[in-house]
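To keep things clear, I will list the structure first and then write my remarks on it.
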Protein chains: 2
Amino acid sequence: MLSSRTRKRRLRDPERTRERLLQAGFREVHRSGFQSASIDAILAATNVTKGALYYHFESKEDLGHAIVEEVVAKLPRDRWLLPLQRSKDKDPINALIGIVRAIPARPEDVRGGCPLVNLAQEMSQLDEQFRKRLETIFRAWQEGIATALRRGQSQGTVRRDVVASETAGFLIALVEGYQVLAKNAQDPKVWNGGIGNIVGWLRSLRAPRQSRRGGRRLMSKGRVVKKRQ
Amino acid sequence: MLSSRTRKRRLRDPERTRERLLQAGFREVHRSGFQSASIDAILAATNVTKGALYYHFESKEDLGHAIVEEVVAKLPRDRWLLPLQRSKDKDPINALIGIVRAIPARPEDVRGGCPLVNLAQEMSQLDEQFRKRLETIFRAWQEGIATALRRGQSQGTVRRDVVASETAGFLIALVEGYQVLAKNAQDPKVWNGGIGNIVGWLRSLRAPRQSRRGGRRLMSKGRVVKKRQ
DNA sequence: AATAACATACATACTAGTTGGTATGTTAAG
DNA sequence: CTTAACATACCAACTAGTATGTATGTTATT
């Protein structure tokens with residue numbers, strides 16, 4: 001027996017139908033925002049009919065919630081949390097620098113903005129259900145970073161005087177803020193500049209070589225400061 | 001002759017009508033976003049009729065552009081640029097700290113988010129006219145901060161090794177990023193925490209007391225780092 | 001193995017409401 | 001009297017959502 005996918009494309013494949021709706025819904029929401037996302041546009045993009053959509057999701061909101069939980073939530077998980085866990089032995093600051101540098105800087109990504117921020121910005125005030133789901137994602141993101149930083153502190157690679165959770169929030173705010181600016185500029189150069197400055201700031205979190213005097217560290221090397229003073 | 005305002009409320013006062021539409025439009029757009037902003041809701045809020053609105057503005061987009069230029073643009077000007085200019089003699093870092101601390105932390109402000117970011121996030125990808133107007137605002141904001149920082153550098157209060165324009169962008173990203181997080185959390189505490197961390201970072205830009213060795217400076221005192229190591 | 005019974009997974013056509021926008025009429029101000 | 005500043009009524013397009021019908025897949029029965 002061949003798997004349901006490899007056979008001659010079954011006429012009914014509810015899981016696949018649902019997944020296609022989620023993906024197309026995500027794209028439409030990412031483009032237009034949730035409120036302006038058109039159900040008809042999603043259907044047109046998938047060649048799924050309205051009856052099928054409302055069989056799998058009981059309302060537009062329900063579809064939106066599923067998109068957040070099943071599509072949006074994956075983004076920080078894949079881009080941040082998994083890489084951080086995978087590099088358990090290495091210095092978390094190097095890992096974070098790598099992650100930040102790996103955030104897509106292609107024009108279409110920069111211009112579209114971070115889906116998480118897009119949705120949070122639009123919906124958190126309007127729909128508590130959306131907000132809660134988004135906050136869960138933010139929390140997991142922040143805690144993942146904080147955990148990695150604490151690990152770095154016990155390894156001696158991260159300054160002991162930084163407060164992990166606050167620093168994680170700082171980093172997230174920074175990343176999201178620069179993405180907003182880059183999206184508004186509609187210009188990858190803005191984002192690339194942001195990466196440089198974020199990386200510079202990240203380096204300032206490193207513990208000094210031999211941990212002299214309780215882990216103070218200067219704030220040079222960033223793109224915010226000149227390379228040669 | 002009494003001024004047009006003090007008389008017994010003239011039946012026709014086009015300037016006032018226009019201004020009321022701008023203000024109500026701003027509030028509606030701030031609440032719902034531009035796309036979902038309802039013309040009818042704006043009319044209901046102002047007791048102005050559709051004919052009057054379309055006499056003053058030729059389309060919804062036109063109204064939106066006017067809102068950006070005449071209402072939104074004032075916000076960073078009033079909150080950032082004017083205070084920075086007014087404190088020409090003082091240390092710009094102190095001025096910036098005061099400005100950041102003065103950003104409203106009332107629940108309704110935090111939950112509504114920064115109107116500039118809201119619009120940028122929603123519209124920059126969709127409507128180039130919107131984007132250009134918003135970018136003008138961001139540019140002026142960034143240049144205002146950069147100018148103040150450079151002034152501080154020649155005064156000797158700001159580290160010489162910081163690149164003013166980059167640092168200004170960093171600060172803006174940070175402020176906007178934290179406002180996004182606070183809006184998503186719908187919680188003023190998140191914003192207040194952000195203020196603390198921003199202020200801490202701002203302090204790290206100060207030139208050392210007697211400008212020893214080319215202006216290096218450590219990054220302590222922030223809320224990101226512990227107060228007593 | 002054949003088939004009846006049933007539930008799943010859709011498809012089609014429609015509705016009630018809202019949207020931005022307009023055509024045309026009216027009235028106040030100079 | 002003229003025209004600037006509205007007011008009213010209306011419209012076509014689009015919205016999410018639904019009622020109803022139908023074809024497919026599964027399961028129980030014989």
Side-chain angles (χ1 to χ4, degrees), chain A residues 1-25 28-29 31-67 122-123 126-127 129-130, chain B residues 1-22 24-26 28-29 31-67 122-123 126-127 129-130:
Chain A
M1 284 290 170
L2 293 165
S3 86
S4 60
R5 186 74 70 80
T6 49
R7 255 212 190 284
K8 52 170 182 180
R9 177 62 54 82
R10 300 173 53 175
L11 289 92
R12 303 209 165 175
D13 191 341
E15 287 178 26
R16 198 179 110 89
T17 302
R18 197 186 126 93
E19 187 58 28
R20 286 174 63 208
L21 287 170
L22 285 175
Q23 291 301 330
E28 169 73 4
V29 167
R31 258 198 304 275
S32 313
F34 175 76
Q35 296 179 94
S36 298
S38 163
I39 294 281
D40 288 338
I42 296 171
L43 298 177
T46 49
N47 284 321
V48 169
T49 60
K50 208 164 257 192
L53 189 151
Y54 279 94
Y55 172 78
H56 287 283
F57 306 96
E58 64 182 25
S59 68
K60 185 187 177 185
E61 285 198 347
D62 186 38
L63 171 63
H65 297 157
I67 289 173
E122 179 189 5
M123 297 305 296
L126 270 55
D127 183 315
Q129 302 243 64
F130 260 97
Chain B
M1 283 291 168
L2 293 165
S3 87
S4 59
R5 188 72 70 81
T6 50
R7 252 204 192 290
K8 51 169 184 182
R9 175 60 57 81
R10 301 172 52 177
L11 288 91
R12 299 202 170 179
D13 189 340
E15 287 177 26
R16 197 177 111 89
T17 302
R18 197 186 126 94
E19 187 60 27
R20 286 175 63 208
L21 287 170
L22 285 174
F26 169 73
E28 169 72 4
V29 168
R31 257 198 303 276
S32 314
F34 175 76
Q35 296 179 96
S36 298
S38 163
I39 295 281
D40 288 338
I42 296 171
L43 298 177
T46 49
N47 284 320
V48 169
T49 59
K50 208 165 255 191
L53 188 151
Y54 279 93
Y55 173 78
H56 287 284
F57 305 96
E58 65 182 26
S59 67
K60 185 187 178 184
E61 284 198 347
D62 185 40
L63 171 63
H65 298 157
I67 289 173
E122 180 189 4
M123 298 303 298
L126 271 54
D127 183 314
Q129 302 244 64
F130 260 98

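To find a chain, count down the sequence lines: A is the first, B the second, and so on, and within it residues start at 1. Atoms considered below: every heavy atom in the structure, side chains included; atoms not considered: hydrogens, waters and symmetry mates. Note that the structure is a prediction, hence the values are computed from the model and not measured.
With sequence neighbours left out, the side chain to side chain contact (heavy atoms under 4.5 Å, CB included) criterion links A:A44 to no other residue. With sequence neighbours left out, A:R20 forms a side chain to side chain donor-acceptor pair (under 3.5 Å) with no residue at all. Considering only residues two or more places apart in sequence or on other chains, A:E61 meets the side chain to side chain contact (heavy atoms under 4.5 Å, CB included) condition with A:F34, A:S59, A:H65, A:D127.
Side-chain contact check for B:Q35 and A:Q35: no donor-acceptor pair (N or O, by modelled atom type) lies under 3.5 Å.
Here the C1' atom of nucleotide D:dT15 and the CD1 atom of A:I42 are 13 Å apart, to the nearest Å. Remark: P of C:dT22 and CZ of B:F57 are 16 Å apart, rounded to the nearest angstrom.
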Give each protein N/O atom lying under 3.5 Å from an N/O atom of nucleotides 1-5 of chain D, with the pair distance.
| from | atom 1 | to | atom 2 | distance (Å) |
| --- | --- | --- | --- | --- |
| D:dA5 | OP2 | B:Y55 | OH | 2.3 |
| D:dA5 | N3 | B:R12 | NH1 | 2.7 |
| D:dA5 | N3 | B:R12 | NH2 | 3.3 |

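For A:T46 (side chain) and A:L43 (main-chain N/O), a donor-acceptor pair under 3.5 Å exists by modelled atom type.
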inquiry  = Set out, in order, the CA-CA distance, both residues' side-chain angles and the distance that settles side-chain contact (heavy atoms from CB on, under 4.5 Å) for A:F130 and A:I67, then state yes or no.
reply    = CA-CA 10 Å; A:F130 260 97; A:I67 289 173; over 6 Å; no

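For the pair A:E28 and A:R31, the salt-bridge criterion is met [side-chain N within less than 4.0 Å of a carboxylate O].
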remark   = Expected string for nucleotides 14-21 of chain C under the B/S/- scheme (protein heavy atoms, under 4.0 Å, primed atoms plus P, OP1, OP2 as sugar-phosphate) is -----SBB

Acceptor/donor pairs from residues 47-55 of chain A side chains to any protein atom, 3.5 angstrom cut, sequence neighbours excluded:
| from | atom 1 | to | atom 2 | distance (Å) |
| --- | --- | --- | --- | --- |
| A:K50 | NZ | A:D40 | OD1 | 3.2 |

